[in-house]
Novice: 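First, the structure itself, so that you have it in front of you.
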Amino acid sequence: MITIGIDVGGTFTDIFLRDSQSGSWIVHKVPSTPPYFSRGFMRGFDEILEKAEVSASEVGRIIHGTTVATNCILTQSGARLGFLLTEGFRDILYIGIGWRPRMYDLQMDPVEPLFLAPRRRSLGVRERVGVDGEVVSQLDEDHVREVARQLVEDHGTEVFCVCYLHAYANPEHERRTREILNELYPQVPVTLSSDVLPRRREYRRLVVSGFDAYVKPAVTSYLGELARELESSGADAPLHIMQSHGGVGGIENVIERPVGTVLSGLAAGVIGAASVGASAGCPDCISLDMGGTSTDVALIRGGHALVTNEGSFEDYPLNIPMVDVRTIGAGGSSIAYVDEGGALKVGPESAGAMPGPACYGRGGTEPTVTDASLVLGYLNPSTFAGGLDIDVENSRRAIESRVAEPLGMSVVEAALGIHAIVNSNMAQTLRLVSIKRGHDPRDFVLIPFGGAGPLQGGRLAEQASIRKILIPPTPGVLSAMGLMLAPLQHEALISFEVPTAEADVSRIHQLFEPLDADCRRKMLRDGVGEDEVTTTYFAEMRYVGQSHQLEIEIGQALPDGLIPRLERAFHAAHERAYSHSDPEAPTEFVALRTVHRRSPAERDLLAGGYRGGAPEPQIGSRDICLTANEGFRSVPVYARQALPNGFEIRGPAIVEQADTTTLIYEDHVALVDDFGNLIVEVPNGQG
């Protein structure tokens, strides 16, 4: 049984192949191929099959983390949308909620995603539903037809997005509108806000629904093309797609709501880090995925990634269940430059995979973090990034002309400065996910991964006062491994705004029934029977008068004494979150959510233990520079796959492997555990 996880990033495509029969795995990396990401996917697929000496027909399952939806929004290259809104409310998108994330920035662009559609493609329809779901004005079906013709024939609309006022309470008008639109223009896809996000707050519902419609053609086309190419290669395995909430689903289900893939790749890395940490006895950890373009940071508690319903993408609200991740523009390809005030800056602009860092020799002239790492001796030019033809002199020239000369310093000092700046940027994000949320980072283990994470992890731990680092066996492709550890998962949500004093369990049962039926339908479509699925229920609750809510896990059953138990759980959760609760205050329900999950067969991926090792794991030495005062010094270089259990490395030292390079800093001590992880003690973590 061969399982393959393929995570396509902005710079590299990571591949992880596991043979469940032998318990062995193979990793591989190839450059990504934007904007035609399927080419890099298929190249990586073919090459890892060749390395494993197996055929495509032997593959039993393929799991994919994709950035198609993400890039579609970032580059504003999605479909031409037409909005159908309740008459009198056509300006919801353009008014927004009056939020200014940078209050004193006089040149700040609007934070509303106005690129989704200009006002001329946002039209009102005569209808009205009240906040309680009662119909105030019947849907004017002739007006729907008139508006649809105007959007398609006058404005070339490619996808309809329907978002009526209070449709979360009664979706009847939206569903009838879809029927009419399908009759008139069967070739034009339709997105309904009541399907995508059935909850109040019309601006947020409109944004999420708009994103869903905006990326739908691109995601549908990409996944369809990928499925055809896999079939042509001889692969007959199901293709599952990673979603933002940390689960995977089949293609048919994913394209029903493609907005769920916006944080696809980010979620996979956190899932992989959570699994590795839990296996190693470190259930509380901070994952740091530093790739070529960005760094993603997430807090993990009790071996589980935190999931939020109040997430965002860039400055846009994205109120769908997603793994709680912070992203900054700091990666190996992040560009270093001197700004107009003479200050050294790194990122968020990236050289990407093409032309890439100056060392790639593909025409890039801007210095990057990777160029600095090569100049400082941290990376081996002959083995870096799968054997790309690396030119270190290009790196030196780029750093000298763009950074060193403008700042009046040496190339080495400039390279050290680039590292110091990017580390400072990432350390600030580490504090945001820990200290700012009331967590002491000294209580957590840092798990750096991605192509550049293990290189920077030691310095980051020092700056964030973290005392222990865990570097997985395959850190460069941990996101690809995380894909294989993600459960097959589908979920459904319904608005339920009722005071807990007036709610009863029988009504909650009735509301969950259609949600469960919808999830069972999706599971069957993915080839999963009901007896293989675990169902977990959740309730969103708040104090009466509050504008935000907390999600409380109900469990797998709905017992008679449920509501008092949920009230007590809510008060306790409120105390944990805000250091305050009022058991005497009235509470209310906001929404109900059901999650259907089938655990992956690969959940024991690391349980076999680590049996690596060689008589002499040191393969040489290399001159590196850690500080300007000390200059270059020779340090030992070890082969990661040759390190035996219990092997100890005292820094400074370098550990090389096919997917990344790990730098053990001065006075840091690394030990190989029973799972092949490198456990690094940071004695100078502040305490």
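Scope of the values below: all heavy atoms of this structure, side chains included, with no hydrogens, waters or symmetry mates. None of these values were measured; they are calculated from a predicted model.
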Novice: Would you tell me whether Ser479 and Asp14 have side-chain atoms, one donor and one acceptor, within less than 3.5 Å of each other?
Specialist: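 Side chains of Ser479 and Asp14: no pair found under 3.5 Å.
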
Novice: Can Lys51 and Glu47 be counted as an ion pair, charged N to O under 4.0 angstrom?
Specialist: no

Novice: More than 12 non-hydrogen atoms from neighbouring residues, nucleotides or ligands closer than 6.0 Å to CD on Glu630, yes or no?
Specialist: yes

Novice: Ring pair (Phe, Tyr, Trp, His ring centres under 6.0 Å) between Tyr378 and His419: does it pass, once the steps are laid out?
Specialist: CA-CA 11 Å; Tyr378 301 162; His419 269 239; 5.4 Å; yes

Novice: Mind checking whether Tyr665 and His668 have parallel, tilted or perpendicular rings, split at 30° and 60°?
Specialist: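 Judged by the thresholds at 30° and 60°, the geometry between Tyr665 and His668 is tilted.
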
Novice: Could you state the interatomic distance from CG (Asp289) to OG1 (Thr295), rounded to the nearest 0.5 Å?
Specialist: 7.5 Å

Novice: To the nearest 0.5 Å, what is the distance between CZ on Arg640 and OG1 on Thr474?
Specialist: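 Answer rounded to 0.5 Å: 8.5 Å.
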
Novice: Pairing donors with acceptors under 3.5 angstrom, does anything connect the side chains of Thr67 and Asn71?
Specialist: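 Yes.
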
Novice: Going through the checks in order, is the ring pair (Phe, Tyr, Trp, His ring centres under 6.0 Å) test met by Tyr222 and His64?
Specialist: CA-CA 12 Å; Tyr222 170 75; His64 178 30; 5.8 Å; yes

Novice: Hydrogens and angles aside, do Asn629 and Thr627 bring a side-chain donor and acceptor to less than 3.5 Å of each other?
Specialist: no

Novice: Counting neighbours of CZ on Phe632 that are heavy atoms of other residues, nucleotides or ligands and sit closer than 6.0 Å, is the number greater than 12?
Specialist: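 Enclosed: over 12 neighbouring heavy atoms sit under 6.0 Å from CZ of Phe632.
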
Novice: Looking only at side-chain N and O atoms, does Ser32 offer a donor or acceptor that is under 3.5 Å from a partner on Thr13?
Specialist: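 Yes.
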
Novice: State the CG-OG1 distance between Leu483 and Thr3, to the nearest 0.5 angstrom.
Specialist: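 Rounded to the nearest 0.5 Å, the CG-OG1 separation comes to 11.5 Å.
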
Novice: Quick one: do Glu462 and Arg459 make a salt bridge, cutoff under 4.0 Å?
Specialist: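 Here Glu462 pairs with Arg459 in a salt bridge, since their nearest N and O are under 4.0 Å apart.
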
Novice: Let me see the working for Val403 and Tyr337 under side chain to side chain contact (heavy atoms under 4.5 Å, CB included), right down to the final yes or no.
Specialist: CA-CA 6 Å; Val403 178; Tyr337 64 98; over 6 Å; no

Novice: Do the rings of Phe647 and Tyr638 sit parallel, tilted or perpendicular, given the 30° and 60° boundaries?
Specialist: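 Rings of Phe647 and Tyr638: perpendicular, over 60°.
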
Novice: Under 4.0 Å between a side-chain nitrogen and a carboxylate oxygen: does that hold for Lys345 and Glu340?
Specialist: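 Looking at Glu340 together with Lys345, the answer is no, because their closest N to O distance does not fall below 4.0 Å.
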
Novice: Answer yes if the side chains of Thr368 and Thr370 hold a donor-acceptor pair under 3.5 Å, and no otherwise.
Specialist: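 Short answer, no.
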
